[in-house]
Protein chains: 2
Amino acid sequence: MIKFKKYDYQCASEIILGLISGKWKVLILSHLSNQTFRYNELQKLMPGATQKMLTMQLRELENDGLVIRKVYAVAPPKVEYFLSPLGLSLVPMLNTLCELGSDYLKNKQT
Amino acid sequence: MIKFKKYDYQCASEIILGLISGKWKVLILSHLSNQTFRYNELQKLMPGATQKMLTMQLRELENDGLVIRKVYAVAPPKVEYFLSPLGLSLVPMLNTLCELGSDYLKNKQT
DNA sequence: CGGGATCCTATTGGATACTG
DNA sequence: CAGTATCCAATAGGATCCCG
């Protein structure tokens with residue numbers, strides 16, 4: 001039994017799933033895997049996400065140490081988001097997940 | 001945009017996450033990756049899961065083609081669960097996920 | 001033995017309005 | 001620009017009882 005963040009996990013893989021489970025998290029991570037983005041740029045990339053959801057998902061990713069939020073003390077406000085080393089370490093796995101997903105779809109169509 | 005099972009996915013990786021997201025799914029998959037189990041054997045392996053949840057998760061895994069349910073026409077009933085080729089194809093990824101989870105924990109403790 | 005049916009709670013996500 | 005705050009709907013999960 002693994003205790004982490006008020007949850008009990010039976011398997012360490014569930015921890016990673018907890019980190020990336022959330023309606024917009026993998027999408028955010030995949031965007032940030034390419035480059036740094038500002039808040040409103042991410043909004044444009046994900047028109048379906050409300051402000052509340054985008055902010056929530058970013059905050060969780062930040063608290064879990066996958067994403068870094070850099071605030072510039074300027075007016076108007078400027079905030080940049082980019083992957084931490086920990087977030088970067090998940091990128092190959094996310095790509096694998098993506099390939100498996102494509103394979104799965106092909107398989108299900110035949 | 002990928003349409004699959006009444007959901008719209010922006011990234012193929014979300015499909016795999018949908019398949020294995022569920023409180024007991026990765027645990028079921030990890031047990032079945034080693035050997036075939038009967039229903040009540042799985043119950044004993046996962047004391048925290050209620051009958052309803054165990055059945056639900058197994059049915060979803062079956063409907064998604066990851067697990068095969070084999071019913072023997074005997075009395076008392078006998079039902080066996082084991083991984084399909086599709087389910088087996090996810091095992092290496094699940095192991096990777098497990099390693100990443102362990103790494104993450106170590107990192108967070110320091 | 002291997003479930004199904006019902007009822008209830010908790011968590012997640014959405015819509016909308018407001019702000020330093 | 002980059003968020004908060006509030007209220008509400010949908011889904012996931014849990015407790016309990018029943019059945020061929």
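Below, each value reflects all heavy atoms present in this structure, side chains not excepted, and no hydrogens, waters or symmetry copies. To find a chain, count down the sequence lines: A is the first, B the second, and so on, and within it residues start at 1.
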Check: Tell me, which of residues 53-82 of chain B have any heavy atom that sits under 4.0 Å from an atom in DNA chain C?
Finding: B/T55, B/R59, B/R69, B/P76, B/P77, B/K78, B/V79, B/Y81
Next item on the list: Supply the atom-to-atom distance B/E60 CD to B/K5 NZ, rounded to the nearest 0.5 angstrom.
Entry: 7.0 Å
Next item on the list: Evaluate the ring planes of B/Y9 and B/F4, with Trp represented by its six-membered ring, and classify them as parallel (under 30°), tilted (30 to 60°) or perpendicular (over 60°).
Entry: tilted
Checklist line | From A/I20 atom CD1 to A/D64 atom CG, the distance as rounded to the nearest 0.5 Å | finding: 11.5 Å
Note to self: I need the B/I28 CD1 to B/L58 CG distance, nearest 0.5 Å.
What the structure shows: 4.0 Å
Checklist line | Interatomic spacing from CD1 in B/I16 to OH in A/Y104 - rounded to 0.5 Å | finding: 7.5 Å
Note to self: Working to the nearest 0.5 angstrom, can you tell me the gap between B/L97 CG and A/L17 CG?
What the structure shows: 5.0 Å
Check: Is the A/Y39 ring parallel, tilted or perpendicular to the A/Y81 ring (thresholds 30°, 60°)?
Finding: tilted
Note to self: Please give me every residue in residues 7-43 of chain A whose heavy atoms get under 4.0 Å of an atom in DNA chain D, ordered by residue number.
What the structure shows: A/R38, A/Y39, A/N40
Note to self: Using whole Å, what does the distance between atom P of nucleotide D/dA15 and atom NZ of B/K52 come to?
What the structure shows: 10 Å
Check: Mapping A/Q51 and A/G48 onto DNA chain C by nearest heavy atom, which one lands closer to the 5' end?
Finding: A/G48
Checklist line | Start and end of chain B contact along DNA chain C [non-hydrogen atoms, under 4.0 Å] | finding: C/dC1 to C/dT6
Check: CD of B/Q35 to OG of B/S33: how many Å apart, nearest 0.5 Å?
Finding: 9.5 Å
Checklist line | B/E14 side chain reached by B/I2 side chain, heavy atoms, under 4.5 Å | finding: no
Check: Ignoring hydrogens and geometry, is there a side-chain-to-backbone donor-acceptor pair from A/S84 to A/G65 under 3.5 Å?
Finding: yes
